[in-house]
Amino acid sequence: DVKVTQSSRYLVKRTGEKVFLECVQDMDHENMFWYRQDPGLGLRLIYFSYDVKMKEKGDIPEGYSVSREKKERFSLILESASTNQTSMYLCASSSPRENTGELFFGEGSRLTVL
Amino acid sequence: QKEVEQDPGPLSVPEGAIVSLNCTYSNSAFQYFMWYRQYSRKGPELLMYTYSSGNKEDGRFTAQVDKSSKYISLFIRDSQPSDSATYLCAMWGGSNYKLTFGKGTLLTVNP
């Protein structure tokens with residue numbers, strides 16, 4: 001069964017802390033994505049990666065960075081967390097070999113920054 | 001004009017009702033149209049997808065695409081309390097990596 005796993009479901013951090021959100025997929029997908037989801041704003045793309053060590057900015061990359069050292073793992077980094085980064089973070093993956101563009105999502109990481 | 005518009009609701013219906021969820025879009029390059037279902041505190045999961053115009057049926061669910069009107073719909077027949085979720089439409093033009101999502105409609109089916 002297709003699986004995208006986000007290591008932390010719920011996190012509480014303090015302003016200024018460095019935060020790592022980890023995502024692992026077991027489908028051998030080339031593409032991986034990080035979104036944040038907020039009420040009234042929907043899903044917004046932060047970063048995506050179409051290959052190991054490759055990354056591209058999405059619509060709201062400010063305050064975030066990413067790392068993709070291995071094909072199955074995509075990490076989102078908040079260098080200095082701020083309260084406006086309190087959100088639900090969703091990781092997703094897809095394969096360019098599938099011509100539908102379907103994304104497979106993890107269960108989400110709910111981050112609260114105090 | 002936003003690329004994809006979706007009424008956020010919330011929509012509340014009695015069990016057994018027919019539900020209609022809709023999205024409009026402006027980008028004529030979109031070719032693949034999807035509906036995702038997201039239960040509370042979970043990630044979205046693909047419910048149905050349709051290529052180009054037409055209808056697609058899967059059990060109680062029917063997806064419709066009208067490319068001439070840039071309008072897509074999801075119909076749920078005989079709705080059940082287990083259908084209570086947020087439904088997101090998503091679209092893809094086939095030439096880049098990114099889906100374009102609607103903001104989602106929150107549906108509650110009351111027993």
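Proteins get letters first, then strands, A, B, ... in listed order; numbering begins at 1 in each. Here the structure is a predicted model, which means the values were calculated and not measured.
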Intermediate values then yes/no, side-chain contact (heavy atoms from CB on, under 4.5 Å), Thr86(B) and Gln37(A): CA-CA 12 Å; Thr86(B) 296; Gln37(A) 186 176 34; 5.6 Å; no

Nearest 0.5 angstrom please: Leu46(B) CG to Phe104(A) CZ, how far? 7.5 Å

Linked, directly or transitively: Trp35(B) and Leu106(B) (ILVMFWY side chains, under 4.5 Å): no

Chain A contacts, top residue of Gly102(B), Gly43(B), Pro8(B) (heavy-atom pairs, under 4.5 Å): Gly43(B)

Which of these passes side chain to side chain contact (heavy atoms under 4.5 Å, CB included) with Glu102(A): Trp92(B), Tyr36(B), Tyr49(B)? Tyr36(B)

Which atoms of Asp38(A) come close to chain B, meaning under 4.5 Å heavy atom to heavy atom: side chain ones, backbone ones, both, or neither? neither

Contact class of Gln6(A) relative to chain B, heavy atoms under 4.5 angstrom: neither

Is it possible for you to say whether Phe48(A) and Met32(A) belong to one hydrophobic cluster, with membership spreading through side-chain heavy-atom contacts below 4.5 Å? no

Looking only at heavy atoms, which two atoms of Leu99(B) and Tyr35(A) are closest? And how far apart? O-OH, 4.2 Å

So which part of Phe101(B) gets closer than 4.5 Å to some heavy atom of chain A, the side chain, the backbone, both or neither? side chain

Part of Gln6(B) within contact of chain A (heavy atom distance under 4.5 Å): neither

Identify whether Tyr71(B) and Ile76(B) are in the same connected component of the hydrophobic contact network (ILVMFWY, side-chain heavy atoms under 4.5 Å). no

Top of Met34(B), Met91(B), Glu45(B) for chain A proximity - count of heavy-atom pairs under 4.5 angstrom: Met34(B)

Check for me, please, whether Phe75(B) and Leu107(B) land in the same ILVMFWY cluster - side-chain distances under 4.5 Å, paths through other members count. no

Among residues 8-20 of chain A, which residues come closer than 4.5 Å to chain B, judged by heavy atom distances? Arg9(A), Tyr10(A)

Under a single-linkage definition using a 4.5 Å side-chain heavy-atom cutoff for Ile, Leu, Val, Met, Phe, Trp and Tyr, are Leu111(A) and Val4(A) assigned to the same hydrophobic cluster? no

Quick check: do Gln38(B) and Leu90(A) have side-chain heavy atoms less than 4.5 Å from each other? yes

Counting only heavy atoms closer than 4.5 Å, note whether Leu88(B) contacts chain A via side chain, backbone, both or neither. side chain

